[in-house]
Amino acid sequence: MKQNYPYRGVKGMKDVFPAEARHYRRLEDRARRLLESCGCGEIRTPLVEHTVLFERGVGQGTDIVNKEMFYVPAKDEEAGPDALRRMVLRPEATASVARAYVENEIDKTAPGVQRYFYLGPMFRYERPQKGRLRQFTQIGAEFLGSPSPGTDAEAIGVLWDFLQGLFLGDLTLLLNSVGCPACRPDYLTALQAFARTRVASLCEDCRARAEKNPLRLFDCKQPGCRTVMAGAPNIQDHLCHDCRAHQAQVLDFLQRIGVTPHLEHRLMRGLDYYTRTVFEVVSQNLGAQNAVAAGGRYDNLIAELEGPATPAVGWSAGVERLLELLPETAPEPWFDVFVVDPGPDLAATFAQVTQLRRQGVRVGLEFEARSVKALMKRADKTGARFTLFVAADHPAQVQLKDMTSGEQTGLAWDQVAVRVLGKHE
RNA sequence: GUGGACGUAGUUCAACUGGUUAGAGCGCCAGGUUGUGGUCCUGGAUGUUGCGGGUUCGAGUCCCGUCGCCCACCCCA
């Protein structure tokens with residue numbers, strides 16, 4: 001890493017070179033295939049949204065909205081005094097999807113269930129650490145329009161299959177219900193009442209949480225608070241009949257596809273829009289940021305954004321975190337053939353190479369005149385299956401060498417493509 | 001926003017309690033008889049020790065500042 005470089009990239013945003021980009025591709029390709037197999041079509045929403053969308057959708061009290069937004073100054077005159085804060089780089093995509101659904105009146109043009117997946121960068125102004133970047137990539141799926149527990153199971157099921165297919169090592173699926181407007185308030189008061197009786201044993205942060213956002217009490221890592229919270233009321237005992245039934249059915253559906261989540265009553269969400277089912281997939285092999293994917297049901301979000309009452313469930317996965325867990329695979333060679341022509345005049349070779357490329361052969365050629373030995377080393381390093389020797393005194397006849405067997409044959413340029421492509425098709 | 005650690009060749013790291021021309025592996029380049037890679041052998045190049053200041057006869061080593069990076073907290077994918 002070059003130090004003191006004046007044009008340094010922005011903190012928490014990284015460059016992805018080809019060697020790493022292929023891992024992204026692998027992951028994205030798999031996600032696309034799987035998500036399309038269950039009816040999700042790709043949706044692309046803008047990277048920039050009005051701030052109010054997230055204030056309303058994600059929640060005024062959340063950290064994402066309060067301290068993690070990247071503001072984009074608005075230039076339009078009607079923006080007014082708040083111009084600096086009018087727009088943001090999206091911190092997540094669910095609110096955008098919901099907004100797009102409402103704004104484009106999808107419920108009227110295409111009534112019924114809509115399913116989308118998205119894939120792209122998200123921005124959060126946080127201090128970077130392991131598994132946390134300021135620009136990171138999420139793959140997500142949103143199933144709009146179905147209140148059925150089967151849809152929850154379907155969403156969770158594809159997520160699980162997606163992750164399993166990547167061979168990421170041990171993953172745990174945590175599941176919980178955060179209730180609905182009918183039962184959650186009761187639970188919150190019960191939890192708060194409990195916390196208030198124990199303020200003396202809680203850390204400073206937790207005392208604030210007890211008043212402001214009691215659900216967060218479960219997240220504290222202080223041993224003292226954890227002990228206290230072990231005796232806290234369990235939300236599972238406070239769910240209303242409908243929420244309880246919903247969860248039971250989700251579990252039943254999941255059981256039929258061989259997915260068994262670990263019921264974790266302390267699992268809560270950082271975003272306000274969740275109702276009922278919430279889930280998270282965690283890995284033991286990451287740092288403190290151990291969640292690789294998370295999601296849940298959000299039955300009120302779309303209505304909250306002035307859309308038609310539309311229940312929905314979705315999730316998103318952190319691509320960079322998944323990448324950390326992805327097992328190493330042998331890199332694909334860049335070329336089928338690497339040309340060894342020590343020159344001095346490479347114009348004719350260049351023309352022949354271009355012909356080969358037009359026929360779909362991946363050919364490596366370097367114009368820098370070097371020794372045959374040096375060029376051979378380059379050929380070897382690229383992993384090309386074949387080396388093609390061009391001699392200045394026999395421009396029509398070339399030598400094709402198989403790098404693994406070492407065997408070498410003389411042939412004309414126009415025979416190369418057939419020979420090379422034929423060998424491994 | 002808070003706390004802690006770190007910053008030495010391309011890279012991974014070394015340099016006793018401050019002491020002379022800052023080293024090694026890997027990588028890179030070139031050779032190993034006159035155009036054929038991977039192994040092996042030989043040789044070679046490369047650092048304003050992140051930057052600025054201070055202490056000292058003397059600083060890569062100590063102190064302060066600054067920038068960067070990492071890890072953790074907060075929070076979260």
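Letters A, B, ... are given to chains in the order of the sequence lines, protein chains preceding strands, and every chain is numbered from 1. Heavy atoms only: backbone and side chains are in, while hydrogens, waters and symmetry mates are out. Note that the structure is a prediction, hence the values are computed from the model and not measured.
- When rounded to the nearest whole Å, the span between CG of A/Asp63 and P of B/rU2 equals 15 Å.
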Under the 3.5 Å Watson-Crick or G-U criterion, the dot-bracket string of RNA chain B, with | for inter-strand pairs: ((((.((..((((.....[...)))).(((((.......))))).....(((((..]....))))))).))))....
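- Applying the side-chain hydrogen bond (donor to acceptor under 3.5 Å, both in side chains) test to every pair with at least one member in residues 163-177 of chain A, sequence neighbours left out, gives these pairs: A/Asn176-A/Gln236.
- Heavy atoms of A/Lys67 sit under 4.0 angstrom from at least one base atom.
- Contact annotation for A/Arg124: base contact, defined as any heavy-atom pair under 4.0 Å involving a base atom.
- For the pair A/Arg134 and A/Tyr125, the distance from NZ or CZ to the six-membered ring centre is under 6.0 Å and the angle to the ring normal is within 45 degrees.
- The residue A/Gly287 sits close only to the backbone: its heavy atoms come under 4.0 Å of sugar-phosphate atoms, none of a base.
- The residue A/Lys377 sits close only to the backbone: its heavy atoms come under 4.0 Å of sugar-phosphate atoms, none of a base.
- At the phosphate of B/rA77, OP1 or OP2 sits under 4.0 Å from a side-chain N or O atom of A/Arg269.
- Side-chain N/O atoms of A/Asp380 and base N/O atoms of B/rG38 include no donor-acceptor pair closer than 3.5 Å.
- Nucleic acid contact for A/Ala379: none, since no nucleic acid atom lies under 4.0 Å from a heavy atom of the residue.
- At a cut-off of 3.5 Å, with distance as the only test, a side-chain donor of A/His246 or A/Asp152 sits close to an acceptor on the other residue.
- No side-chain N or O of A/Gln3 forms a donor-acceptor pair with one of A/Tyr5 less than 3.5 Å apart.
- Across all strands, A/Leu133 comes closer than 4.0 Å to base atoms (heavy-atom distances).
- The residue A/Met122 sits apart from the nucleic acid: no heavy atom pair falls under 4.0 Å.
- No donor-acceptor contact under 3.5 Å links the side chain of A/Gln399 to the base of B/rU36.
- Counting non-hydrogen atoms under 4.0 angstrom, A/Glu92 reaches nothing in the nucleic acid.
- Counting only N and O atoms by type, the side chains of A/Glu142 and A/Tyr101 include no donor and acceptor under 3.5 Å apart.
- Contacts of A/Lys11 with the nucleic acid, taken as non-hydrogen atoms under 4.0 Å apart, involve only primed sugar atoms and P, OP1 or OP2.
- Heavy atoms of A/Glu68 sit under 4.0 angstrom from primed sugar atoms or phosphate atoms, though from no base atom.
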